[in-house]
Each structure stands twice: as C-alpha cells, then as structure tokens.
Amino acid sequence: QVQLVESGGGLVQAGGSLRLSCEASGRTSGSYAMGWFRQAPGKEREFVARITWAGGSTYYADSMKGRFTISRDNAKNTVYLQMNSLNPEDTAVYYCAAPRSGYGGRSPRDYDYWGQGTQVTVSS
C-alpha cells in the first residue's frame with residue numbers, strides 16, 4: 001500500500017515562497033511518476049505539476065510555469081514543489097498523488113493514491 005505524506009504548507013505573504021514535500025512509502029514498481037494537485041474552496045481539484053521518478057521529466061500546468069518547480073530525491077522517495085511569487089489565488093490545499101501504474105496525467109482520475117493534503121494560505 002502506497003502512503004504519501006505532505007508537509008511544508010503554511011501562511012505566507014503575497015510575493016513569498018514555500019516548499020512543499022511529499023514522502024512516498026510502499027511505492028509500486030510500475031508507478032513511474034508523482035503529481036501535485038491543489039484544491040481551493042468551492043473549486044475542483046486542479047493539476048499543478050508532475051515529475052517522473054526516472055529521468056526527472058517535468059510537466060506543468062500553464063499557469064504554474066515559471067513560478068513553481070517540481071523536483072524529486074529518489075534516495076528519499078520524496079517529491080518537492082517549490083513555489084515562488086505566490087499570490088492569494090494560490091491559496092488552496094495542496095495534494096501529492098501517485099498512479100498505481102504508469103505516469104499519470106493532468107486528471108485526478110489518473111491517480112490512485114493521495115496524501116492528506118497541506119494547506120497553503122497566501123495573504124495579500
């Protein structure tokens with residue numbers, strides 16, 4: 001059973017930065033990537049970024065490019081999301097996710113395992 005544990009959320013002023021972490025345990029051999037999503041109150045869960053374990057290929061939602069950076073540490077089974085130039089519209093619960101197999105995509109339906117989420121609040 002895959003378990004994902006996020007950390008690093010908090011309250012930050014607009015223009016500030018945060019780094020989220022997601023530690024994965026029990027990763028299946030056929031699962032090749034990890035993703036980050038976010039969900040603001042009253043909104044659907046939104047794709048943020050994805051990274052492959054081997055090679056570290058990255059893929060971002062257009063609105064995150066240039067501000068957010070996803071990275072991974074294979075030795076620690078940990079994926080990170082560095083978020084810069086935050087604005088109040090980035091306020092949401094951020095989730096990491098893993099597919100049971102394959103690479104996953106932009107849809108939450110592509111992922112089978114989810115962390116508990118970490119709250120990010122950006123004040124104006």
Side-chain angles (χ1 to χ4, degrees):
Q1 182 69 20
V2 175
Q3 290 188 319
L4 306 175
V5 179
E6 301 103 333
S7 61
L11 174 64
V12 64
Q13 289 187 333
S17 300
L18 281 175
R19 188 177 83 152
L20 307 182
S21 300
C22 174
E23 183 175 359
S25 60
R27 180 161 63 100
T28 62
S29 60
S31 179
Y32 302 133
M34 291 279 288
W36 281 100
F37 287 77
R38 69 184 186 183
Q39 189 166 18
K43 295 188 177 181
E44 293 186 350
R45 195 161 294 190
E46 175 186 26
F47 173 76
V48 174
R50 188 203 71 192
I51 189 167
T52 60
W53 286 111
S57 295
T58 58
Y59 179 49
Y60 295 92
D62 288 344
S63 60
M64 318 299 173
K65 288 180 181 177
R67 296 193 302 127
F68 291 8
T69 302
I70 189 172
S71 60
R72 90 273 189 250
D73 184 332
N74 286 23
K76 296 181 179 179
N77 273 348
T78 299
V79 173
Y80 305 96
L81 184 68
Q82 177 68 43
M83 305 185 295
N84 298 328
S85 301
L86 287 163
N87 59 66
E89 289 69 38
D90 295 315
T91 294
V93 178
Y94 285 70
Y95 299 90
C96 63
R100 182 177 292 113
S101 62
Y103 292 92
R106 299 172 59 92
S107 170
R109 294 187 297 273
D110 294 335
Y111 298 82
D112 302 284
Y113 305 104
W114 294 84
Q116 81 285 357
T118 185
Q119 177 71 47
V120 171
T121 303
V122 185
S123 63
S124 57

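Every value quoted in this text rests on a predicted model; they were computed, and no experiment measured them.
Applying the salt bridge (Lys or Arg N to Asp or Glu O under 4.0 Å) rule to pairs touching residues 67-89 yields R67-D90, sequence neighbours excluded. Here side-chain hydrogen bond (donor to acceptor under 3.5 Å, both in side chains) pairs that include residues 40-49, with residues two or more places apart or in two chains, are R38-E46, Q39-R45.
Side chain of E6 to main chain of L20: no donor-acceptor pair is present (N/O by atom type, distance under 3.5 Å, no hydrogens or angles). Listed for the T78 side chain is no donor-acceptor partner under 3.5 Å among the backbone atoms of E23. Between the side chain of R50 and the backbone N or O of W36 there is no donor-acceptor pair closer than 3.5 Å.
Residues R100 and D112 come closest through the heavy atom pair N-OD2, 2.5 Å. For the residue pair T118 and G9, the shortest heavy atom distance occurs at OG1-N, 3.1 Å. Taking each heavy atom of S124 and A14 in turn, the nearest pair found is CA-CB, 4.3 Å. Of all heavy-atom pairs between V122 and T91, the closest is N-OG1, 2.9 Å. When all heavy atoms of A40 and A92 are compared, the pair lying nearest together is N-CB, 3.8 Å.
Between V79 and I70 there is a side-chain heavy-atom pair separated by less than 4.5 Å. Under the 4.5 Å side-chain criterion, counting only non-hydrogen atoms from C-beta, V120 is in contact with L18. Contact annotation: the side chain of P99 never approaches that of D110 to less than 4.5 Å [non-hydrogen atoms, C-beta and beyond]. With a 4.5 Å cut-off on side-chain heavy atoms, S17 and Q82 count as touching.
A chain of hydrophobic side-chain contacts below 4.5 Å, direct or via other Ile, Leu, Val, Met, Phe, Trp or Tyr residues, connects Y60 to W53. No continuous path of hydrophobic side-chain contacts links Y80 to M34 [ILVMFWY only; heavy atoms under 4.5 Å].
The hydrophobic cluster around Y111 extends to F37, F47, Y59, V93, Y95, W114, counting ILVMFWY residues whose side-chain heavy atoms fall within less than 4.5 Å of a member.
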Exercise for review: May I have the step-by-step check of side-chain contact (heavy atoms from CB on, under 4.5 Å) for L81 and V48, ending in yes or no?
Suggested key: CA-CA 9 Å; L81 184 68; V48 174; 4.0 Å; yes
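Taking CD1 of I51 as the reference point, atom SG of C96 lies at 13.0 Å (rounded to 0.5 Å).
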